[in-house]
J.: 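Can you read through this structure? Questions will come right after.
The first residue in the sequence is number 1, and the count goes up from there. The figures here come from the full heavy-atom set of this structure, side chains too, leaving out hydrogens, waters and symmetry mates. Model, not experiment: these values are computed from the prediction.
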Amino acid sequence: MSAPSADSARSALEALRQEISKAVVGQDAAVTGLVIALLCRGHVLLEGVPGVAKTLLVRTLATALELDTRRVQFTPDLMPGDVTGSLIYDSRAATFSFQPGPVFTNLLLADEINRTPPKTQASLLEAMEEHQVSVDGRPHPLPEPFLVAATQNPVEYEGTYPLPEAQLDRFLLKLTIPLPSRDTELDVLTRHAEGFDPRDLAAMGVRPVAGRAEIEAARAAVARTTVSPDVTGYVVDICRATRDSPSLSLGVSPRGATALLSAARAWAWLTGRDYVTPDDVKAFAPPTLRHRVRLRPEAEMEGVTFDSVLHSVLTHTPVPR
């Protein structure tokens with residue numbers, strides 16, 4: 001069977017939105033972000049209060065892409081080996097063998113990742129960056145594609161541990177899942193009144209519309225998307241401006257600049273172009289950069305937010321013609 005063309009791969013990924021809407025209402029931006037992360041081999045942090053369908057969104061995405069998925073509920077007593085796997089002693093053979101953990105999947109749902117201590121949070125670092133797990137000095141490669149979709153509650157909620165900067169920097173995007181509008185919430189309740197069961201996606205008619213072949217074809221097409229020197233310079237200027245912002249104690253790292261360029265490139269291809277524009281960069285600057293900066297305490301006390309700082313940076317950074 002021949003590999004799908006770039007156009008057919010794009011059409012298949014565009015069909016995801018309609019397929020996911022069979023189970024999840026009003027989350028188009030989050031769906032787009034998850035697809036962008038898959039194309040960039042990145043990971044996504046989903047933030048929102050409990051009960052806004054973060055978990056359902058990820059499960060539906062995995063079903064629509066025909067990918068293997070595992071879910072880990074992060075709790076204060078979760079150990080690193082519960083995520084990555086551990087060595088098990090075989091008494092009959094008198095040897096240790098590696099028992100893979102739930103991280104060995106295509107789409108790992110790390111549910112409420114900020115409810116577990118930093119030691120367990122850090123167990124994902126190598127998996128996210130290197131797409132492998134090292135146990136007893138031996139690397140164990142993870143399957144491809146591999147994406148971590150981590151959900152977290154806002155940090156002011158009781159019993160949460162803020163993610164360290166090194167871990168946050170490994171997420172390509174941080175997507176904020178808002179509370180639904182009144183009309184959307186009415187739609188959700190109507191579906192439940194009519195018998196919708198979020199545990200039974202098949203009953204809702206959710207079916208695979210794309211798979212590994214389409215993802216690989218799309219990734220190859222994204223890699224061929226042209227980026228002009230002016231647009232590359234624009235990305236660098238935006239990221240350097242965050243380091244000079246008086247409201248920030250920590251600006252965007254070079255890794256963040258690379259992430260912004262990758263996301264803009266994938267978005268340009270997904271919208272049907274083979275070149276990146278400054279508008280593509282602007283569109284993905286907030287979700288790509290908001291978790292890579294740190295506010296100064298005095299700015300935080302004055303009500304300054306990450307997004308307001310980024311808006312100011314984008315407003316004052318010259319746009320190439």
Side-chain angles (χ1 to χ4, degrees), residues 6 10 14 28-47 165-178 218-219 221-321:
R10 183 189 291 115
E14 287 172 348
D28 283 358
V31 173
T32 299
L34 286 162
V35 172
I36 293 292
L38 270 173
L39 299 184
C40 297
R41 294 180 169 84
H43 310 283
V44 175
L45 182 62
L46 301 168
E47 182 176 277
E165 283 76 14
Q167 177 120 28
L168 286 170
D169 209 30
R170 262 62 175 193
F171 287 100
L172 179 76
L173 304 173
K174 179 183 177 182
L175 304 174
T176 302
I177 309 296
R219 285 175 171 178
V222 169
R224 296 191 296 268
T225 303
T226 303
V227 185
S228 70
D230 285 345
V231 171
T232 304
Y234 183 51
V235 171
V236 170
D237 290 343
I238 289 171
C239 294
R240 292 182 68 85
T242 65
R243 301 169 201 163
D244 298 329
S245 171
S247 299
L248 299 178
S249 61
L250 177 69
V252 177
S253 69
R255 192 206 308 269
T258 302
L260 177 54
L261 185 62
S262 297
R265 207 175 188 185
W267 174 240
W269 176 81
L270 200 59
T271 52
R273 281 178 283 105
D274 61 358
Y275 59 91
V276 180
T277 68
D279 284 343
D280 298 323
V281 176
K282 283 184 178 181
F284 272 85
T288 308
L289 304 182
R290 62 166 59 109
H291 56 296
R292 304 175 193 271
V293 297
R294 183 195 293 169
L295 289 171
R296 294 187 185 278
E298 56 270 28
E300 205 165 358
M301 290 176 63
E302 293 172 1
V304 176
T305 64
F306 298 126
D307 284 3
S308 65
V309 173
L310 292 174
H311 177 74
S312 177
V313 166
L314 290 172
T315 301
H316 292 94
T317 303
V319 181
R321 294 184 178 274

J.: Atom OG in S245, atom CG in L250: separation rounded to 0.5 Å?
T.: 11.5 Å
J.: Please confirm whether the backbone N or O of V252 pairs with a side-chain atom of R240, one donor and one acceptor, at under 3.5 Å?
T.: no
J.: Got a salt bridge between R273 and D280, using NZ or NE/NH1/NH2 to carboxylate O under 4.0 Å?
T.: yes
J.: Check the pair R294 / L248 against side-chain contact (heavy atoms from CB on, under 4.5 Å), numbers first and verdict last.
T.: CA-CA 6 Å; R294 183 195 293 169; L248 299 178; over 6 Å; no
J.: I'd like to know if the side chain of R290 reaches the main chain of A285, judged simply by a donor and an acceptor atom lying under 3.5 Å from each other, with no hydrogens or angles considered.
T.: no
J.: Distance only, no hydrogens: is a donor on one side chain within 3.5 Å (strictly under) of an acceptor on the other, for S308 and T305?
T.: yes
J.: Hey, does E165 have a side-chain heavy atom less than 4.5 Å from the side chain of R292?
T.: no
J.: Specify whether F284 and W267 have parallel, tilted or perpendicular ring planes, treating 30° as the upper limit for parallel and 60° as the lower limit for perpendicular.
T.: tilted
J.: If every non-hydrogen atom of T288 is compared with every non-hydrogen atom of A263, which pair is closest and at what distance?
T.: OG1-CB, 3.9 Å
J.: Under the side-chain contact (heavy atoms from CB on, under 4.5 Å) criterion, do L172 and H43 qualify, and how do the steps go?
T.: CA-CA 5 Å; L172 179 76; H43 310 283; 5.8 Å; no
J.: Indicate the atoms forming the closest heavy-atom contact of A30 with I177, along with that distance.
T.: CB-CD1, 3.7 Å
J.: I need the E302 CD to S247 OG distance, nearest 0.5 Å.
T.: 7.5 Å
J.: Which atom pairs, one a donor and one an acceptor, fall under 3.5 Å between side chains of residues 309-321 and the rest of the protein, sequence neighbours left out?
T.:
unit_1	atom_1	unit_2	atom_2	d
T315	OG1	H311	O	2.7
H316	ND1	S312	O	2.8
T317	OG1	V313	O	2.6

J.: Show me, pair by pair, the donor-acceptor contacts under 3.5 angstrom made by side chains of residues 224-236, not counting sequence neighbours?
T.:
unit_1	atom_1	unit_2	atom_2	d
R224	NH1	A220	O	3.4
T225	OG1	A221	O	3.3
T225	OG1	V222	O	3.2
S228	OG	V231	N	3.3
T232	OG1	S228	O	3.2

J.: Give, for atom CG of L34 and atom CG of L39, the distance between the pair rounded to the nearest 0.5 Å.
T.: 11.0 Å
J.: Between CD of E47 and CG of L175, what distance do you get to the nearest 0.5 Å?
T.: 10.5 Å
J.: Is there side-chain contact between F171 and V44, with heavy atoms separated by less than 4.5 Å?
T.: no
J.: Rounded to the nearest 0.5 Å, how far apart are SG of C239 and CZ of R255?
T.: 13.0 Å
J.: Looking at NZ of K174 and CZ of F306, how far apart are the two atoms once the value is rounded to the nearest 0.5 Å?
T.: 6.5 Å
J.: Between L173 and L45, is any pair of side-chain heavy atoms under 4.5 Å apart?
T.: no
J.: Just jot down the ring-ring contact (aromatic ring centres under 6.0 Å, His included) partners of W269, sequence neighbours excluded, or say none.
T.: none
